[in-house]
Amino acid sequence: MNRMRKEEEFNDWYNNIVEEAGLVDKRYPVKGMNVWLPYGWKAMRLIDALIRREMERTEHDEVCFPLLIPKTEFDKEAEHIAGFGAEVYWVTHAGNNELDVPLLLRPTSETAMYPMFSLWVRSHTDLPLKTFQLVNTFRYETKQTKAFIRMREIHFFEAHTCHVDFEDAERQIAEDLEIMKHFAKDLCIPYLLTKRPDWDKFAGAYYTVGLDTIMPTGRTLQLGSIHQYKTNFAVPYNITYENEGGEQVHAHQTTYGMSERLLGTVVGIHGDEKGIIFPPSIAPIQAVIVPILSKGNQEHVMEEARKLEEELKAEGIRVHLDDRDFRPGYKYNDWELRGVPLRLEIGMRDIEGGHVMAACRVQGKKILVKREGAGEQIKLIFQEQQEILWQKARSILEESIRTIEDYNQYEEGTIAKAGWCGEEECGHTIEDFTGAAILGTPVPEEETPEGTRCCVCGAHAPSWIYIAKTH
RNA sequence: GGGCCCGUGGGUUAGUUUGGUCUAUACUUGUGGCUUUGGGAGCCAUAGACUCCGGUUCAAAUCCGGGCGGGCCCA
């Protein structure tokens with residue numbers, strides 16, 4: 001492909017890069033279902049590993065529920081059905097038989113898990129119950145699909161918890177927010193936390209906290225969400241426990257969901273006209289070694305390159321030796337496209353000088369690294385890269401937020417922050433007029449200064465809202 | 001839900017308006033070889049396609065109908 005100006009042609013750039021860098025093969029003949037290629041899957045698995053690390057740290061247990069859910073279970077929570085009914089895939093036949101009870105492919109796993117939670121949760125000593133799973137979910141998306149960002153089969157993370165009461169569930173949500181903090185820093189993805197307006201909360205939730213980031217298009221993209229269910233599901237699914245007083249009480253529940261969108265976001269936010277830029281934290285290959293061969297020294301250089309590879313591997317660096325029969329320039333471009341954070345060139349000059357040439361994808365510069373203790377120096381470069389990517393992305397998000405006083409001041413490509421009286425009608429007016437969506441009110445809650453007015457009706461505005469065009 | 005468009009080697013594409021000269025164009029990629037290697041090398045050889053089914057016609061990549069697949073716009 002010709003170099004594409006990422007800023008001007010983001011859609012083309014993105015669609016092209018995910019295939020060209022070998023993340024997915026979009027030719028699978030079902031809309032919204034792509035094939036994960038090894039390189040893309042590796043990146044996803046590394047993101048998953050970060051999630052697992054956080055889940056383990058916070059004592060969640062990993063589970064894995066079946067993909068199929070009986071219609072009878074799905075039907076138990078009315079709002080949930082209303083919200084997801086239109087995008088469910090159904091299994092109505094098995095072999096030659098029509099099924100008495102149709103089965104659906106999970107669009108999310110509440111209705112699969114909660115009948116089981118009802119069996120598992122008996123006593124207050126069983127609580128809190130903190131589980132999560134990493135599975136694929138299915139949603140019959142009718143809009144245009146896009147690799148990682150809008151799919152019909154979604155690689156999905158979902159944590160589901162049960163608690164003794166509302167307060168404990170709230171503590172869980174606080175913990176979820178803290179998890180996100182770590183996690184986003186690792187991915188170098190900044191985000192905005194908002195409590196979704198009532199008309200946009202998750203189907204069945206008491207309230208929903210949305211995690212949104214901003215893409216280079218100036219539109220926001222939801223990275224994940226955290227839901228307080230209160231007892232909305234526990235009642236229909238009969239999740240009760242016996243408290244210390246011997247009474248049967250409904251559990252309070254929360255969920256936390258994220259998806260392969262995280263990968264799409266990393267690609268979209270950090271990439272440049274040369275291709276992807278992976279933060280070292282999730283780069284499938286953190287450092288690639290390109291041997292510079294010339295007549296007469298091939299074996300010697302290759303031997304040194306292999307030695308270097310072993311040394312770095314021993315240091316825990318994900319390193320790859322590119323011994324393909326291409327010229328160096330071709331390899332440079334290839335690995336830049338794939339987003340490898342560090343390229344190590346080793347030729348006779350370097351061997352004789354006791355160093356390697358390190359080309360840093362993020363910093364865009366080349367530096368000489370001493371062979372002695374190279375691993376340590378490389379890790380420092382990685383740290384610096386994480387920091388640069390994080391700061392850069394964060395300032396883009398911060399700079400795109402504009403405070404406005406009247407909703408007709410909303411500018412495309414920005415996230416507007418405005419006063420809001422809290423009336424749903426004013427919310428809809430904003431959405432209809434601007435074509436943008438109301439992300440929600442700030443989390444944690446943020447008081448408005450004296451005299452702040454609703455950007456629609458001019459009444460007293462007790463809270464802020466964020467307004468943005470979304471993906 | 002409504003409307004529109006598209007389907008040619010692995011990828012991008014010419015050809016479709018006006019059926020025949022298509023034994024299908026070009027670039028890229030793949031494979032084998034020679035040569036080369038500090039920023040996408042060159043040469044030689046070679047492989048590879050008209051989405052499927054039906055219709056019209058002496059003749060279909062081209063026209064018509066349907067299926068499947070893909071894309072776009074509006075609500």
Side-chain angles (χ1 to χ4, degrees), chain A residues 1-4 9-35 37-40 82 85-88 140-147 149-153 199 217 219 272-276 287-305 308 321-340 342-361 363-369 371 428 431-437 469-471:
Chain A
M1 142 190 134
N2 291 327
R3 292 276 163 260
M4 231 176 234
E9 299 284 347
F10 180 78
N11 272 334
D12 289 342
W13 176 89
Y14 181 86
N15 286 330
N16 211 303
I17 214 78
V18 294
E19 277 201 304
E20 230 188 321
L23 303 182
V24 289
D25 194 328
K26 292 190 285 203
R27 291 172 299 180
Y28 191 76
V30 178
K31 180 186 170 83
M33 298 189 187
N34 294 338
V35 178
L37 295 176
Y39 191 64
E87 44 189 88
V88 161
Y140 181 71
E141 190 59 65
T142 55
K143 286 186 195 165
Q144 186 188 2
T145 55
K146 189 184 271 293
I149 288 176
R150 176 166 282 119
M151 297 295 289
R152 285 175 163 181
E153 179 171 2
W199 65 87
T217 52
R219 292 180 174 228
D272 63 12
E273 70 287 346
K274 288 179 172 176
I276 292 175
V288 65
I289 300 169
V290 177
I292 309 297
L293 311 170
S294 50
K295 252 188 203 162
N297 66 22
Q298 271 142 338
E299 298 215 346
H300 181 50
V301 173
M302 277 309 294
E303 196 181 315
E304 288 296 319
L308 179 62
L321 171 59
D322 186 354
D323 58 1
R324 293 176 300 174
D325 186 21
F326 292 123
R327 293 163 57 122
Y330 178 90
K331 295 181 182 179
Y332 297 169
N333 284 289
D334 192 39
W335 294 114
E336 280 164 5
L337 172 72
R338 288 168 174 263
V340 173
L342 193 68
R343 181 180 72 240
L344 301 170
E345 305 167 20
I346 182 163
M348 279 313 291
R349 276 186 239 156
D350 305 292
I351 294 168
E352 282 158 11
H355 50 68
V356 292
M357 180 63 84
C360 309
R361 182 75 175 84
Q363 294 89 331
K365 63 179 184 187
K366 281 184 164 191
I367 53 174
L368 281 176
V369 169
R371 267 300 285 279
H428 290 315
E431 292 189 328
D432 293 344
F433 180 82
T434 61
K469 288 227 175 188
T470 62
H471 268 280

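Letters A, B, ... are given to chains in the order of the sequence lines, protein chains preceding strands, and every chain is numbered from 1.
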Any Lys/Arg nitrogen of Glu19(A) or Arg27(A) sitting under 4.0 Å from an Asp/Glu carboxylate oxygen of the other? no

What contact category does [X] fall into here, base, sugar-phosphate, or nothing, at under 4.0 angstrom with non-hydrogen atoms?
X         : value
Gln298(A) : base
Arg343(A) : base
Val30(A)  : sugar-phosphate
Lys295(A) : sugar-phosphate

Which whole number of Å gives the distance between the [atom1] atom of [N] and that of [M]?
N      : M      : atom1 : answer
G48(B) : U28(B) : C1'   : 13 Å
G38(B) : C74(B) : P     : 50 Å
U16(B) : A59(B) : C1'   : 16 Å
U35(B) : G39(B) : P     : 22 Å
C50(B) : G9(B)  : P     : 7 Å
U46(B) : C52(B) : P     : 28 Å
C53(B) : C4(B)  : P     : 27 Å
C6(B)  : G42(B) : P     : 37 Å

In chain order, what residues pass the side-chain contact (heavy atoms from CB on, under 4.5 Å) check against Lys31(A), with sequence neighbours excluded?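 If we apply the side-chain contact (heavy atoms from CB on, under 4.5 Å) test to Lys31(A), skipping adjacent residues, the hits are Thr145(A), Arg152(A).
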
With sequence neighbours excluded, what pairs up with Ala359(A) under the side-chain contact (heavy atoms from CB on, under 4.5 Å) test? Arg343(A), Glu345(A), Lys366(A)

Rounded to the nearest Å, what distance is computed from the [atom1] atom of residue [X] to the [atom2] atom of nucleotide [N]?
X         : N      : atom1 : atom2 : value
Asn333(A) : G38(B) : CG    : P     : 13 Å
Asp432(A) : C74(B) : CG    : C1'   : 15 Å
Arg152(A) : G69(B) : CZ    : C1'   : 12 Å
Tyr28(A)  : C68(B) : OH    : C1'   : 14 Å
Arg349(A) : U37(B) : CZ    : P     : 13 Å
Lys26(A)  : G70(B) : NZ    : P     : 13 Å
Asp334(A) : U37(B) : CG    : C1'   : 16 Å
Tyr332(A) : G39(B) : OH    : P     : 6 Å

The nucleotide from G39(B), G38(B), G71(B) with an atom nearest the side chain of Lys366(A) is G39(B)

Quick one: are Lys274(A) and Arg361(A) in side-chain contact, heavy atoms under 4.5 Å?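 They are in contact (side-chain heavy atoms under 4.5 Å apart), so the answer is yes.
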
Tabulate below the donor-acceptor pairs under 3.5 Å that side-chain atoms of residues 291-300 of chain A make, not counting sequence neighbours, or state none.
unit_1, atom_1, unit_2, atom_2, d
Ser294(A), OG, Asn297(A), ND2, 3.0
Asn297(A), OD1, Ser294(A), N, 3.0

Residue closer to the 5' end of RNA chain B, Asp325(A) versus Gly329(A) (nearest nucleotide): Asp325(A)

Pairwise 5' ranking along RNA chain B for Pro291(A) and Gly32(A), keeping only the more 5' one: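 Result: Pro291(A).
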
Tell me the partner of [N], counting only Watson-Crick (N1-N3 plus N6-O4 or O6-N4) or G-U wobble (N1-O2 and O6-N3) with both under 3.5 Å; none if nothing fits.
N      : value
C27(B) : G11(B)
C50(B) : none
G19(B) : none
G69(B) : C6(B)
U57(B) : none
G32(B) : C44(B)

Which residues pass the side-chain hydrogen bond (donor to acceptor under 3.5 Å, both in side chains) test with Asp334(A), sequence neighbours left out? Arg324(A)

Would you list the pairs meeting salt bridge (Lys or Arg N to Asp or Glu O under 4.0 Å) in which at least one residue belongs to residues 348-360 of chain A, sequence neighbours left out?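 Every candidate salt bridge (Lys or Arg N to Asp or Glu O under 4.0 Å) pair involving residues 348-360 of chain A fails, so no pair, neighbours aside, qualifies.
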
I'd like a table of atom pairs between the protein and nucleotides 3-14 of chain B - only N or O on both sides, under 3.5 Å - with the distance next to each one.
unit_1, atom_1, unit_2, atom_2, d
G10(B), O3', Arg27(A), NH1, 3.0
G10(B), O2', Arg27(A), NH1, 2.4

Give a yes or no on whether the backbone of Asn15(A) and the side-chain of Lys26(A) come within a donor-acceptor separation of less than 3.5 Å. yes

Quick one: does Tyr14(A)'s side chain have a donor or acceptor within less than 3.5 Å of a partner on Ala147(A)'s backbone? yes

Would you say Arg327(A) places a side-chain N or O within less than 4.0 Å of OP1 or OP2 belonging to U36(B)?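 Answer is no, no contact under 4.0 Å.
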
Can a donor-acceptor pair under 3.5 Å be found between the side-chain atoms of Glu336(A) and the base atoms of G39(B)?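 Check passes, donor-acceptor contact within cut-off.
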
